[in-house]
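Below: the structure, in structure tokens.
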Amino acid sequence: MNKKVINTLTIISSIIACITIICTFLTSYKFIYIGDIFNSYLGVQIVLAITMIIWAIRFWYEEHGNKRYIYTGFCLIISVASMFFIASFIR
């Protein structure tokens, strides 16, 4: 993949993750109601899993040496953990 595409995807996914987290907190703590998807942490879990996979791809292509494996592994562990919680219906 092209570096610019990967960098753009990581920035976009990070912005979407931040917006999702803010909307979820605002809806969960009843400051404002935004939508049904934000009533639980399911949206945050899904966005987190996708964002961490994209970051893992970025680290795999851009880092060198031990950082490549450590950063990629860390992102994949977070992504798999998030998918586990999605599958476990923990909301």
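Both backbone and side-chain heavy atoms feed into the values below; hydrogens, waters and symmetry mates do not. Fair warning: this is a prediction, and the values are worked out from it, not measured in the lab.
A distance of 5.5 Å separates CD1 of Ile37 from CD1 of Ile46, quoted to the nearest 0.5 Å. With rounding to the nearest 0.5 Å, the separation of CD1 in Ile32 from CG in Leu26 is 4.5 Å. Summarising the geometry, atom SG belonging to Cys23 is positioned 11.5 Å from atom CD1 belonging to Ile16; distances are rounded to the nearest 0.5 Å.
Under the ring-ring contact (aromatic ring centres under 6.0 Å, His included) criterion, Phe25 pairs with no residue at all, not counting sequence neighbours. In this structure Ile15 satisfies the side chain to side chain contact (heavy atoms under 4.5 Å, CB included) test together with Ile11, Ile19, sequence neighbours excluded. Here Ser14 pairs with Trp55 under the side-chain hydrogen bond (donor to acceptor under 3.5 Å, both in side chains) rule; sequence neighbours left out. Evaluation of the side-chain hydrogen bond (donor to acceptor under 3.5 Å, both in side chains) rule for Tyr33 yields Asp36 as partners, not counting sequence neighbours. Among residues two or more places apart in sequence or in another chain, the salt bridge (Lys or Arg N to Asp or Glu O under 4.0 Å) test is passed with Glu62 by Arg58.
Taking every heavy atom of both residues into account, Ala17 and Thr51 meet most closely at CB-OG1, 3.9 Å.
For the side-chain contact (heavy atoms from CB on, under 4.5 Å) with Phe38, the qualifying choice from Ile21, Thr27, Ile22 is Thr27, the only one to do so.
When side chains are defined from C-beta on, Ile50 does not count as touching Met83, because their heavy atoms never get closer than 4.5 Å.
Cluster annotation: Phe59 is connected to Leu48 through the hydrophobic network of ILVMFWY side chains, with a link wherever side-chain heavy atoms come within less than 4.5 Å.
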With a cut-off of 3.5 Å and sequence neighbours excluded, list every side-chain donor-acceptor pair involving residues 70-79.
residue, atom, partner, partner atom, Å
Thr72, OG1, Trp60, N, 3.4
Thr72, OG1, Arg68, O, 2.6
Ser79, OG, Ala49, O, 3.1

